[in-house]
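To start, the structure under review is shown below, and the notes come after it.
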Amino acid sequence: MPEGPSIVILTELIENLHLHKPEIIEVSGNVTTIDQDRLLHQKIQEFRSFGKRFLICFKDFTLQIHFMLFGTYLINDTKKTPLKLGLTLKKDQLNFYTCKVDLLEGKADSLYDWSIDIMGDEWDSKKAIKKLKELPDSYICDLLLDQHIFSGVGNIIKNEVLYRSRIHPLSKIKDLPLAKIKELVAEARHYSFDFLKWKKEGTLSKHWEVYNQKVCPKNHPIAKKEIGKTHRQTYYCPACQKKYN
DNA sequence: ACGTATGTTATCCT
DNA sequence: TAGGATAACATACG
């Protein structure tokens, strides 16, 4: 569920219900981080995604849902897991489980820097490149996961993008030629949309070239290590991916 | 059946 | 005190 493209899918699913600024008739769930009464009888203005966050937008505040690692949702269905937040509309019900819910004052437009949303129309690759160059000593595997640079990129996207760009995860920004940085940033955006397409088709895992794989497409053995500052599981091909230093 | 994990953050260490 | 390690969340998947 958690990476950016999956949140886009959720947003599209709800948009396809063709709700028209629906009123919240009932609020349920065990969420404690927000005042549930604040939502009652409010009209939802729109649904949006920002990075890994799902946004339910109201006139002057924004409900932000982050699914973390285990979060799930059901539309017009329920399950046994304790309900974190349920929103009953006139005809539909939106149920969120195992997620982090926050109520932020203000409109979504002004709450986030939309130019860093990897799936967004306003994505600004030049800005990402600029931010990367400001962190010369960081490993590229950590920077791809930096939500202040690549909002919405997660561990799967990280691994696949590094393979596509043929960059070893422990390369540092200062050692990468500018052309390579540009390629990487472009690939981060491009693969995110491939992820979206394949996830919709149900073929995402079939297209993994390194993530969860034993060998790369050229049949070289894949290395699997927890590396970088973030210690996230990293899959890479030592033969195909060049270490810049 | 069990180990692992698409993520983040608070808290406890050193 | 800065930074690192750890736990917590609760489920699905192979």
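Atoms considered below: every heavy atom in the structure, side chains included; atoms not considered: hydrogens, waters and symmetry mates. Chain letters run A, B, ... following the sequence lines, proteins first and then strands; every chain starts at 1.
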Compare side-chain N and O positions of A:R53 against OP1 and OP2 of B:dG7 and report whether any pair is under 4.0 Å apart.
no

Rounded to whole Å, the CZ-P distance (A:R232 to B:dT4) equals 15 Å

Send over the distance from A:L145 CG to B:dA5 P, rounded to a whole Å.
14 Å

side-chain contact (heavy atoms from CB on, under 4.5 Å) against A:D194, all qualifying residues, sequence neighbours excluded
A:R164, A:H190, A:Y191, A:K197, A:W198

For the side chain of A:P2, starting at C-beta, report the closest nucleotide among B:dG7, B:dA5, C:dA10.
B:dG7

If you check the A:K224 side chain, which of B:dT9, B:dT4, B:dG7 turns out closest?
B:dT4

Considering residues at least two apart in sequence or located in another chain, which fulfil the side-chain contact (heavy atoms from CB on, under 4.5 Å) criterion with A:L40?
A:V27

Is A:K100 near enough to C:dC9 that one of its side-chain N or O atoms lies under 4.0 angstrom from OP1 or OP2?
no

With sequence neighbours left out, which residue pairs that include part of residues 2-37 of chain A fulfil the ring pair (Phe, Tyr, Trp, His ring centres under 6.0 Å) condition?
none

My understanding is that only residues two or more places apart in sequence, or in another chain, count here; which of them pass salt bridge (Lys or Arg N to Asp or Glu O under 4.0 Å) with A:E160?
none

Where the side chain of A:F195 is concerned, which of B:dT6, B:dT8, B:dA5 is the nearest nucleotide?
B:dT6

Without decimals, in angstroms, what is the distance between A:W208 CH2 and B:dT6 P?
9 Å

Looking at residues at least two apart in the chain, or sitting in another chain, which of them share a salt bridge (Lys or Arg N to Asp or Glu O under 4.0 Å) with A:K43?
none

Find the distance A:D102:CG to B:dT9:C1' and express it as a whole number of Å.
11 Å

Would you please confirm or rule out a distance under 4.0 Å between OP1 or OP2 of B:dG7 and any side-chain N or O of A:Q147?
no

Cation over ring, A:R166 on A:Y163, under 6.0 Å and within 45°?
yes

In whole Å, I'd like the distance from the CZ atom of A:F67 to the P atom of B:dT9.
16 Å

Which whole-number value in Å describes the distance from A:K52 NZ to B:dT9 C1'?
13 Å

Sorted by first residue and then second, give each side-chain hydrogen bond (donor to acceptor under 3.5 Å, both in side chains) pair with at least one member in residues 170-181 of chain A; sequence neighbours left out.
A:D137-A:K174, A:K180-A:E183

Would you call the rings of A:F54 and A:F96 parallel, tilted or perpendicular, where under 30° means parallel and over 60° means perpendicular?
tilted

Set out, line by line, the N/O atom pairs under 3.5 Å between protein and nucleotides 3-6 of chain C.
from: C:dA5; atom 1: OP2; to: A:H231; atom 2: NE2; distance (Å): 3.1

Could you give the distance separating C:dC9 and B:dA1 at their P atoms, to the nearest angstrom?
24 Å

Sugar-phosphate, base or nothing in reach of A:K79, heavy atoms under 4.0 Å:
sugar-phosphate

Inspect the contact between A:D77 and A:K79 and indicate whether a charged nitrogen and a carboxylate oxygen are less than 4.0 angstrom apart.
no

Side-chain contact check for A:Y211: nearest option of B:dG7, B:dA5, C:dC9 is B:dA5

Tabulate below the donor-acceptor pairs under 3.5 Å that side-chain atoms of residues 209-221 of chain A make, not counting sequence neighbours, or state none.
from: A:N212; atom 1: OD1; to: A:Y235; atom 2: OH; distance (Å): 3.1
from: A:Q213; atom 1: NE2; to: A:Y211; atom 2: O; distance (Å): 2.8

A:S205 vs A:P82, nearer the 5' end of DNA chain C by closest nucleotide:
A:P82

Could you spell out the base pairing of DNA chain C in dot-bracket, with Watson-Crick or G-U pairs whose two distances are under 3.5 Å, [ ] crossing and | to another strand?
.||||||||.||||

Between A:Q213 (CD) and B:dT6 (C1'), how many Å, whole number?
15 Å

Distance-only donor-acceptor hits, side chain of residues 236-243 of chain A, under 3.5 Å, sequence neighbours excluded:
from: A:Q241; atom 1: OE1; to: A:C237; atom 2: N; distance (Å): 2.7
from: A:Q241; atom 1: NE2; to: A:L162; atom 2: O; distance (Å): 3.4
from: A:Q241; atom 1: NE2; to: A:I167; atom 2: O; distance (Å): 2.8

Among residues 148-174 of chain A, which residues get a heavy atom nearer than 4.0 Å to DNA chain B?
A:G154, A:N155, A:I156

With sequence neighbours left out, the residues meeting side-chain contact (heavy atoms from CB on, under 4.5 Å) with A:E226 are A:Q233

Atom CE of A:M68 and atom C1' of B:dG7 are separated, to the nearest Å, by 5 Å

Would you classify A:Y97 as touching base, sugar-phosphate or nothing, given that sugar-phosphate means primed atoms plus P, OP1 and OP2, and contacts are heavy atoms under 4.0 Å?
nothing

Distance-only, no hydrogens or angles: does the A:D117 side chain make a donor-acceptor pair with backbone N or O of A:G51 under 3.5 Å?
yes

